[in-house]
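Just the heavy atoms: all of them, side chains too, but no hydrogens, waters or symmetry mates, feed the values below.
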Amino acid sequence: MFNALLDKYDKRNAYVSIFPGVGGEDAKDWANMLINMYVKYAQKRNWKVTQVDDKTIHIIGEYAYGNLKKEIGVHRLVRISPFDSKKIRHTSFALVEILPQIPEIELKNIIIPPEDLKVELSRSSGPGGQNVNKRETAVRVVHLPTGTNAASQSERSQSQNKEKALSLLKAKLLKLMIDRKEKEIKNLRTQVKPEWGSQIRSYVLHPYKQVKDHRTKITSHQPDKVLDGDLEKFIEGGLDLKN
């Protein structure tokens, strides 16, 4: 396995973010299911997991990023919706984003012009959306030229959350530069996002049970176990992908 983990950041910790796509309440629920799946996978690996905000977790463990980076992409769920009184089958989508934790010394070299940033403040919220802080300590930072954004609400102070959100934003922009082969942040501009239909993996709970990776063709007929963090064969299959 480790022969496939030779890229610069493979040994680093990972940030996992899940964004609900088409599907309304079902998609939001699906995004939460995926977050739980990766938390349980990390726990099986004895990695530490902390919550950054309601969409992002920080996984701390050797080769966390290298193992998880091929999970990037659209994940599709087919099931009988628990939110539909007619018990109709629904299809939901969520986008999985994986980023390495970039060393601080590298982040300091990434300079973003202040006019390219928008900082949004809100109250940090706990489980169930309850406000746990009367002050606006949660911070979301947006890179205006690309629309890329990052948020943090896990720290106690606004300044600490801003620092964490900015570090996460820089990691996203650095990965974007690598993916697009750009040498400077100023060259990054918004690009059309891929269609939600371009899923990398489908999880079907009805009318049959199956999880299928559309790139590796690896299949499981025990989706409950997969959603409980049993991802090993999918992770290992991803490591064999060339791109």
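- A salt bridge links K172 to E97: one of the charged nitrogens lies within less than 4.0 Å of a carboxylate oxygen.
- Aromatic rings of Y203 and W30 (six-membered ring for Trp) have centroids within the 6.0 Å cut-off, being under it.
- Ion pairing between a basic and an acidic side chain is recognised when a charged N comes within 4.0 Å of a carboxylate O; R79 and D29 show such pairing.
- Salt bridge absent: K217 and D213 never bring a charged side-chain N and a carboxylate O closer than 4.0 Å.
- With Y9 as the fixed residue, the side chain to side chain donor-acceptor pair (under 3.5 Å) test singles out one of K69, E106, K175: E106.
- Taking the six-membered ring where tryptophan is involved, the planes of H58 and Y15 are essentially parallel, since the angle between them stays under 30° and well short of 60°.
- In the model, S152 has no side-chain atom that pairs as donor or acceptor with a side-chain atom of D53 under 3.5 Å.
- For the 3.5 Å distance criterion, the side chains of H90 and D84 qualify, holding a donor opposite an acceptor.
- Distance CG/D228 to CG/L231: 10.0 Å, rounded to 0.5 Å.
- Remark: K28 engages E25 in a salt bridge, criterion side-chain N to carboxylate O under 4.0 Å.
- For the pair Y65 and N13, the tightest heavy-atom approach, listed with the atom from each and the gap, is CB-O, 3.7 Å.
- Side chain of K48 to main chain of I60: no donor-acceptor pair is present (N/O by atom type, distance under 3.5 Å, no hydrogens or angles).
- In plain terms, the two heavy atoms of W47 and E62 that are nearest each other are CZ2-O, 3.6 Å.
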